[in-house]
Student: 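Below you'll find the structure I mean.
What you see is a predicted model, and the numbers here were worked out from it, not measured in a lab. For reference, positions follow the sequence shown, starting with 1.
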Amino acid sequence: MPAVSTKPRPFRSERSRERGIRDNSLAAGMRAFFAIADKWGLSTDEAIALLGHPSRSTFYNWKNGHIGQVAHSFDLASRISYVLGIFKALEILYQRPELADRWVRQPNKAFGGQSAMERMRAGHMVDLAAVRNYLDSVRGGR
């Protein structure tokens, strides 16, 4: 009986390897996004806005774990990254997770009296960036 190799099989090409890494990263990012959406109590419309307004059918496919059809866009990856960064910053700033999760719904002078969620659900990348930058500045004491 021939020996079984324990080495992983190499990817056929560097291009397919990169695609595999992106697929895995995107799948992990999407799972994390939906876990955060649950913690924050996001409505479907709010989650759709944060993801850049995909169609409802696409959104529900993603939510059900069918990300094979996800267009690998820089925009989507950036949006997920911003949400993950916002979540992490809140977890660092607040020792109690329930306070961190509620923060996104509290009115904030930094956003003209709007909550961070109101700002983010406008759906533009700059709105996500504004919330992330605000939290980074609070964390850094700037």
Side-chain angles (χ1 to χ4, degrees), residues 3-142:
V4 176
S5 173
T6 59
K7 291 182 186 178
R9 291 178 52 193
F11 286 97
R12 289 186 181 165
S13 72
E14 196 60 30
R15 183 179 216 166
S16 65
R17 179 177 184 269
E18 290 172 8
R19 186 172 45 246
I21 291 169
R22 282 195 310 260
D23 290 349
N24 291 338
S25 296
L26 187 57
M30 288 298 248
R31 285 190 301 272
F33 173 85
F34 285 112
I36 292 167
D38 285 342
K39 288 177 183 269
W40 288 352
L42 299 186
S43 69
T44 297
D45 289 337
E46 289 169 334
I48 286 173
L50 268 56
L51 290 171
H53 299 285
S55 70
R56 283 191 177 278
S57 61
T58 297
F59 172 80
Y60 283 113
N61 280 333
W62 293 348
K63 189 171 183 175
N64 292 324
H66 304 290
I67 65 150
Q69 304 301 319
V70 174
H72 299 266
S73 71
F74 180 75
D75 181 79
L76 181 60
S78 296
R79 288 171 178 281
I80 291 171
S81 177
Y82 277 125
V83 171
L84 295 176
I86 290 165
F87 180 80
K88 182 63 176 175
L90 288 170
E91 291 291 311
I92 291 168
L93 287 168
Y94 294 95
Q95 298 301 310
R96 295 175 42 204
E98 66 276 6
L99 294 177
D101 295 338
R102 278 197 308 241
W103 180 88
V104 296
R105 302 256 183 220
Q106 302 300 316
N108 193 311
K109 289 180 186 177
F111 309 122
Q114 292 182 315
S115 69
M117 182 52 59
E118 288 172 310
R119 176 72 192 261
M120 291 186 294
R121 84 171 168 226
H124 302 287
M125 187 81 71
V126 296
D127 298 310
L128 293 168
V131 173
R132 172 72 188 270
N133 291 338
Y134 169 75
L135 289 169
D136 287 346
S137 71
V138 169
R139 277 189 15 196
R142 293 184 250 160

Student: With sequence neighbours left out, write down each residue that passes salt bridge (Lys or Arg N to Asp or Glu O under 4.0 Å) with D101, or none if nothing qualifies.
Tutor: none
Student: State, yes or no, whether a side-chain contact exists between F34 and D38 at a heavy-atom distance under 4.5 Å.
Tutor: no
Student: State, to 0.1 Å, how close G113 and P107 come at their nearest heavy-atom pair, and which atoms those are.
Tutor: O-CB, 3.4 Å
Student: For residues 105-140, which residue pairs qualify under ring-ring contact (aromatic ring centres under 6.0 Å, His included), counting only residues two or more places apart or in two chains?
Tutor: F111-Y134
Student: With sequence neighbours excluded, tell me which residues meet side-chain contact (heavy atoms from CB on, under 4.5 Å) with E46.
Tutor: L42, S43, R105, M117, R121
Student: Quick check: do L26 and I80 have side-chain heavy atoms less than 4.5 Å from each other?
Tutor: yes
Student: Under the rule for side chain to side chain donor-acceptor pair (under 3.5 Å), what residues qualify as partners of S57, not counting sequence neighbours?
Tutor: S55
Student: Could you work out, with side-chain contact (heavy atoms from CB on, under 4.5 Å) as the rule, every residue matching D75, not counting sequence neighbours?
Tutor: S73, R79, M125
Student: How far apart are the closest heavy atoms of A47 and F33, and which atoms are they?
Tutor: O-CZ, 3.8 Å
Student: Of the non-hydrogen atoms in G123 and H53, which two are nearest, and what is the gap between them?
Tutor: CA-NE2, 3.9 Å
Student: Kindly write out the residues that satisfy side chain to side chain donor-acceptor pair (under 3.5 Å) with D45, not counting sequence neighbours, or none if the list is empty.
Tutor: R56
Student: My understanding is that only residues two or more places apart in sequence, or in another chain, count here; which of them pass side chain to side chain donor-acceptor pair (under 3.5 Å) with N108?
Tutor: none
Student: Please identify each residue that fulfils ring pair (Phe, Tyr, Trp, His ring centres under 6.0 Å) with Y60, with sequence neighbours left out.
Tutor: none
Student: Using a 3.5 Å cut-off and no angle test, enumerate the donor-acceptor pairs between side-chain atoms of residues 81-97 and protein atoms at least two apart in sequence or in another chain.
Tutor:
| from | atom 1 | to | atom 2 | distance (Å) |
| --- | --- | --- | --- | --- |
| R96 | NE | E98 | OE2 | 2.7 |
| R96 | NH2 | E98 | OE2 | 3.0 |

Student: Counting distance only, does the side-chain N/O of E118 pair as donor-acceptor with the main-chain N or O of S115 below 3.5 Å?
Tutor: yes
Student: Does R102 have any side chain to side chain donor-acceptor pair (under 3.5 Å) partners at least two apart in sequence or in another chain, and if so, which?
Tutor: none
Student: Nearest 0.5 Å please: distance from the CE atom of M120 over to the CD atom of Q114.
Tutor: 11.0 Å
